[in-house]
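As the structure is a computational prediction, the values presented were derived from the model and not from experiment. Quick note on labels: first sequence line is chain A, next is B, and so on, each numbered from 1. No hydrogens, no waters, no symmetry mates; every other heavy atom, side chains included, goes into these values.
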There are 2 protein chains.
Amino acid sequence: MLSTMSTPGRSVETLSDAAVRLMEAAADAFAAKGFHATTTRDIASHAGLSPAGVYVHFASKEDLLFQLSREGHEAARDMLVAAASAAGSPTEALRSIMAVFSQWHAEHFRVARIVQYEFQNLTAEHREAVLGLRKEIDSVVRDVLTAGVASGEFTVTDVPDTALALLSMAVDVARWYDPEIKRTPEAIGRTYGELGLRLVT
Amino acid sequence: MLSTMSTPGRSVETLSDAAVRLMEAAADAFAAKGFHATTTRDIASHAGLSPAGVYVHFASKEDLLFQLSREGHEAARDMLVAAASAAGSPTEALRSIMAVFSQWHAEHFRVARIVQYEFQNLTAEHREAVLGLRKEIDSVVRDVLTAGVASGEFTVTDVPDTALALLSMAVDVARWYDPEIKRTPEAIGRTYGELGLRLVT
DNA sequence: GTCTATATGCGGATAGAC
DNA sequence: GTCTATCCGCATATAGAC
């Protein structure tokens, strides 16, 4: 079994059981209390390990944050690219990317909070690595808007500004979403798909 | 000069110079690094005081957070109420509240980040106190939407959902705004006033 | 790969002089 | 109201046995 530290870019399925438990415990804690308010003892005990057990699988607490942030960004980007590619028109593409992105921020609100709000706690190197993924995400939205303007389906005053406002609606879902509420992630996705189209027509 | 601890609800102008400097230093630090990553020594030194100097003016680090959060929430609420009251129609009211709320989240992005993202770090009692202000803010937006639906100016499928999406656009400004960017807070306000209207018509 | 034990430093808050 | 000095607990991370 390869360790996280020796193969930082490998896929999820090569992680040991303990590493997976640590990442889940860290995701819960970072999302609930924030990176700095979370102790490595919290994470270790929730994963069923002693405090020292963390360092067999991850180089540091920040490394744990980085792995979560990177995987979260990659998942979000992959979903957006797939949704945009599968659509038959800019209108359907925008509806689809807003729906999947919003739904993802609800369903995976713990990782989404880490992605959106714990970014600043990465080291400079790790922040740089993740920044590339963030730019890819922005590009997907901007490209859909540009295509819709070209086809005449959309009326948009400023593409970058509108792309940012669309992303804001979806990103902010991670801030207010609570699994206790009645709205389902699917319903949130449908709603935001429609609201996104209103913003461009 | 009355201390902060003996009169927690008094207005800003009765604060001593040192208390004001402490709140400014705390606002900078909390917004830049988050509540838990900020040390009382950071705050004190940036305010020109020794570590012990903080406790003459505030009961604890959390008390400092609470004062900032409460004043920020009150300022935001007062602005929204004034903007909604001054407007001659639901259409103008919505444009105005979206403009002032977005502009505020840019201009005062440090306090806005504390208001929106450090909420969870308040004690249960303080969180409860601020929750009332948050509900007032939500009500302003919902009332404008309800009035616009009644007058026929707006076509809204679901008032609470749409109110939340509108607030999300403005709130998220505090996350991405950076004083280095070229967009001015005023321009952001104008843009979001227009985008808000698109969402309801 | 997991443990117990611990090194080491830092952080919130207080004591008490001035 | 501000300081210096300090208490006390906690947090990250490591050492070294098994």
Side-chain angles (χ1 to χ4, degrees), chain A residues 1-7 10 14-30 32-68 118 120-123 126, chain B residues 1-8 10 14-30 32-69 114 118 120-123 125-126:
Chain A
M1 190 71 70
L2 296 173
S3 83
T4 295
M5 284 180 287
S6 61
T7 56
R10 84 267 158 277
T14 66
L15 285 173
S16 69
D17 283 357
V20 171
R21 289 200 310 273
L22 284 165
M23 284 184 72
E24 284 170 355
D28 283 351
F30 291 162
K33 302 188 294 187
F35 177 73
H36 276 101
T38 299
T39 67
T40 54
R41 282 171 167 79
D42 279 347
I43 297 169
S45 70
H46 278 89
L49 292 176
S50 71
V54 173
Y55 299 91
V56 175
H57 303 279
F58 297 91
S60 64
K61 188 171 83 158
E62 191 275 341
D63 184 36
L64 210 28
L65 175 66
F66 174 55
Q67 302 303 332
L68 286 166
E118 302 297 337
Q120 65 180 350
N121 294 316
L122 294 168
T123 62
H126 289 163
Chain B
M1 189 72 71
L2 297 172
S3 84
T4 295
M5 285 178 287
S6 59
T7 57
R10 86 264 155 283
T14 66
L15 285 173
S16 69
D17 283 358
V20 171
R21 289 201 310 275
L22 283 165
M23 284 184 71
E24 284 171 354
D28 284 351
F30 291 163
K33 303 187 294 185
F35 177 73
H36 276 102
T38 299
T39 67
T40 53
R41 283 169 170 78
D42 278 348
I43 296 168
S45 71
H46 278 89
L49 292 175
S50 72
V54 173
Y55 298 92
V56 175
H57 303 280
F58 297 91
S60 65
K61 186 171 85 156
E62 190 275 342
D63 184 36
L64 211 28
L65 176 67
F66 174 54
Q67 302 302 332
L68 286 166
S69 183
I114 291 164
E118 302 297 337
Q120 64 180 349
N121 294 316
L122 294 168
T123 63
E125 287 76 17
H126 288 163

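The closest donor-acceptor contact from the side chain of B:Lys61 to the backbone of B:Thr38 lies under 3.5 Å. Remark: the backbone N or O of B:Met23 is not paired with any side-chain donor or acceptor of B:Gln67 at under 3.5 angstrom.
The distance between atom CG of B:Leu15 and atom P of D:dG1, rounded to the nearest whole Å, is 12 Å. The CG-P distance, from A:Leu49 to C:dG1, rounds to 12 Å in whole Å.
Partners of B:His36 by side chain to side chain contact (heavy atoms under 4.5 Å, CB included), not counting sequence neighbours, listed by chain and number: A:His36, A:Ala37, B:Asn121. With sequence neighbours excluded, no residue forms a side chain to side chain contact (heavy atoms under 4.5 Å, CB included) with A:Ser45. With sequence neighbours excluded, the residues satisfying side chain to side chain contact (heavy atoms under 4.5 Å, CB included) with A:Ala18 are A:Ser16, A:Arg21, A:Leu49, A:His57. With sequence neighbours excluded, the residues forming a side chain to side chain contact (heavy atoms under 4.5 Å, CB included) with B:Thr39 are B:Arg41, B:Asp42, listed by chain and number.
Relative to the axis of its first five pairs, the axis of the last five pairs of the helix from C:dG1-D:dC18 to C:dC18-D:dG1 sits at 0°, rounded to 10 degrees.
Within the 4.5 Å cutoff, side-chain heavy atoms of A:Tyr55 are placed close to those of A:Thr40.
We find the CZ-CD distance between B:Phe35 and B:Glu118 to be 8.0 Å, quoted to the nearest 0.5 Å.
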Across nucleotides 11-18 of chain C, 5' to 3', mark each nucleotide with B, S or - according to how protein heavy atoms within less than 4.0 Å reach it. BBBBB---

